[in-house]
Peer 1: 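Mind looking over this structure? Questions follow.
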Amino acid sequence: MGAAATAPPPPTVLSFEALYAATADDLHAYVASIVRDAHLAEEVVATAFEAAYRRRAQFDPARGSQRAWLYGIARNAALDELRRRRRRAALHHDPVDEGAGSAEEDARRVTVRAALAALDPADRELVALKFHGGLSNAEIAEVLGVSPTAAGSRLHRAVTKLREACA
Amino acid sequence: MSRSTDDLDLAGDPTLAALVADVRATRPPRDPAASRALDARVASGFARPSAAARPRRRRGLAWLAAVPACLAVLAAVAIVVSSGSGGEGGVAGSASSSGSAAGSSAGAVAPSSRLVARDATLELRTSPRELQADADAVVATTERAGGYVASSRVDAGAAGGSATFVLQVPTDRLARTLTQLGRVARVSRLDQGSEDVTAQASAGAARLTDAREERDALLRALADATDRGRVAALRARLEDARALVARRTRQLGEVRARARTARVDVSLTAVASGAAVAPARGDGRLTPAEALATAGRVLGAAGAVALLAALLLAPLALVGAGGALGLRRLRRRAREGALRAA
């Protein structure tokens with residue numbers, strides 16, 4: 001029963017191009033949920049990827065996952081942008097074609113969109129990290145600078161609020 | 001990249017699974033043009049002309065960080081130099097200067113137009129067995145320097161003894177001579193003094209000129225005198241004038257000689273106790289004990305420098321770290337505030 005048999009596999013470190021390809025869309029969705037402006041989210045995502053590219057040598061796999069590192073950079077960039085603009089940006093992205101699904105699906109998504117908009121920003125961020133970014137609780141904890149337990153609790157509360165708002 | 005929903009049971013909760021799907025479906029579409037532009041920037045490695053500004057700014061910060069290090073190095077050099085130069089004129093570090101104003105000014109370089117009289121008192125210690133040889137070495141060293149022994153006295157005995165010398169050495173060789181005398185035996189004390197005699201020499205020269213002019217005037221008057229009584233009177237005055245010229249010439253010569261040659265009083269004391277006296281160091285090399293003492297002084301100076309640097313830098317580092325931590329917290333708080341306000 002050596003330690004090697006129970007040790008977790010080393011985290012896979014993607015090349016920057018692979019990381020970009022795997023996360024760009026999700027990261028955009030996450031940033032858009034923070035800044036609530038799809039076009040501004042494009043700028044923030046570009047800024048975040050450039051910052052990550054220039055700091056890529058500083059990434060330490062022992063300290064966390066690559067996704068969490070990238071989302072942390074994007075989060076800071078998004079919040080800094082919000083601070084600079086000092087405004088509550090409305091969501092300006094093109095309306096999603098609600099007619100793509102059934103009438104029931106369309107109605108449900110309108111409800112979900114409204115429920116998301118009504119969420120507390122911190123809860124909305126948690127939902128975005130989880131459902132858009134697909135981050136684990138440990139990765140969310142890393143991005144937010146809290147413990148994994150706290151991240152799990154907060155996420156559970158946020159999802160509960162969302163479910164209640166959509167009910 | 002796999003999506004994690006760790007503690008969310010999507011399979012066992014169809015409602016939650018549908019909610020997740022709906023949330024994902026609400027994501028805003030990306031702008032194709034912006035997406036393509038970012039693709040291209042990633043492919044090119046974010047090449048941009050303004051990138052050169054960042055390293056320059058960092059170099060500036062690195063330069064600022066180097067300032068305390070430079071100050072520490074300068075302090076180290078100053079301390080080591082001040083602690084290492086225990087003697088004047090290259091005499092061994094065991095020599096002590098009197099520390100008086102005269103002593104401190106002795107090493108000053110006088111302008112070539114000024115006349116400076118210098119003197120020194122050197123006390124040496126040796127063993128009774130080597131007293132005579134060391135006394136001979138003092139004389140030989142003086143003669144090699146172009147000086148002479150004005151007076152000397154040697155009292156040698158089995159239990160001890162002493163020797164005293166009054167040396168006259170060329171002033172411009174004083175420092176080198178003191179260094180060489182310091183190698184004859186162990187230096188227990190060294191005092192040096194100096195006196196600017198330029199004004200004395202100038203005044204003496206002026207007085208001599210006056211005396212000569214008076215003498216010359218008397219000579220001319222004597223040549224013109226025909227009256228016997230006046231001739232006798234002029235000759236008497238002329239004799240006094242000549243004496244005055246001679247006296248003032250001698251005085252001026254003495255002043256100039258004081259500047260030309262330096263007086264060195266050397267005392268050589270033989271001490272019976274071997275423990276109290278280090279062996280004579282005719283070859284100028286350090287004894288093991290002296291080397292150990294020197295190493296101790298160097299280590300002490302280095303420790304003092306390190307302590308000084310730590311005392312200077314530690315508060316700065318603490319303030320800097322505290323400031324950085326505070327800024328980080330402020331920035332984080334501001335970001336969270338921005339999120340709450342979003």
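Just so we're on the same page: letters track the sequence lines, and every chain starts at 1.
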Peer 1: When you measure from the side chain of A/Arg163 to the backbone of B/Thr15, do you find a donor-acceptor pair of N or O atoms at a distance under 3.5 Å?
Peer 2: no
Peer 1: Does any backbone or side-chain atom of A/Phe49 lie under 4.5 Å from a heavy atom of chain B? Answer side chain, backbone, both or neither.
Peer 2: both
Peer 1: Using every non-hydrogen atom in the two residues, find where B/Asp22 and A/Arg109 come nearest and quote the distance to one decimal.
Peer 2: OD1-NE, 3.4 Å
Peer 1: Would you say the side-chain atoms of A/Glu42 pair up with the backbone N or O of B/Asp31, donor to acceptor, closer than 3.5 Å?
Peer 2: yes
Peer 1: What's the shortest heavy-atom distance between B/Leu19 and A/Cys166, and which atoms?
Peer 2: CD1-SG, 3.9 Å
Peer 1: Specify the closest pair of heavy atoms between B/Arg332 and A/Gly145, including all atoms of both residues, with the distance to one decimal.
Peer 2: NH2-O, 3.2 Å
Peer 1: Contact part of A/Leu144 toward chain B, heavy-atom cut-off under 4.5 Å: side chain, backbone, both or neither?
Peer 2: backbone
Peer 1: Answer whether the closest heavy-atom distance between the side chains of A/Ser33 and B/Arg27 falls below 4.5 Å.
Peer 2: no
Peer 1: So which of A/Ala41, A/Ala78, A/Ala29 has the largest heavy-atom pair count under 4.5 angstrom toward chain B?
Peer 2: A/Ala29
Peer 1: Could you tell me whether a side-chain N or O of A/Arg113 sits under 3.5 Å from a main-chain N or O of B/Thr26, the two making a donor and an acceptor?
Peer 2: yes
Peer 1: Does any heavy atom of chain B fall under 4.5 Å from the side chain of A/Phe16, the backbone, both, or neither of them?
Peer 2: side chain
Peer 1: What residue, out of A/Leu116, A/Asn76, A/Val127, A/Asp120, has the most heavy-atom pairs lying under 4.5 Å from chain B?
Peer 2: A/Asn76
Peer 1: Which label fits A/Tyr53 and B/Phe46: parallel for a plane angle under 30°, tilted from 30 to 60°, or perpendicular past 60°?
Peer 2: tilted
Peer 1: Residues two or more places apart in sequence or in another chain: which of them pass salt bridge (Lys or Arg N to Asp or Glu O under 4.0 Å) with A/Glu43?
Peer 2: A/Arg85
Peer 1: For A/Arg154, does the CZ atom have more than 12 heavy-atom neighbours from other residues, nucleotides or ligands under 6.0 Å away?
Peer 2: no
Peer 1: A/Asp80: what forms a side chain to side chain donor-acceptor pair (under 3.5 Å) with it, not counting sequence neighbours?
Peer 2: A/Arg83, B/Arg335
Peer 1: Tell me, for A/Ala24 versus chain B, whether the close heavy atoms (under 4.5 Å) come from the side chain, the backbone, both or neither.
Peer 2: both
Peer 1: With rounding to the nearest 0.5 Å, note down the distance linking NE2 in A/His28 to CG in B/Leu38.
Peer 2: 10.5 Å
Peer 1: Kindly determine whether B/Val23 and A/Leu162 satisfy side-chain contact (heavy atoms from CB on, under 4.5 Å), including the steps that lead there.
Peer 2: CA-CA 10 Å; B/Val23 169; A/Leu162 183 63; 3.7 Å; yes
Peer 1: Are any of the side-chain nitrogens in A/Asp26 or B/Arg24 under 4.0 Å away from the carboxylate oxygens of its partner?
Peer 2: no
Peer 1: For residues A/Glu125 and B/Leu339, report the shortest heavy-atom separation together with the two atoms involved.
Peer 2: OE1-CD2, 3.1 Å
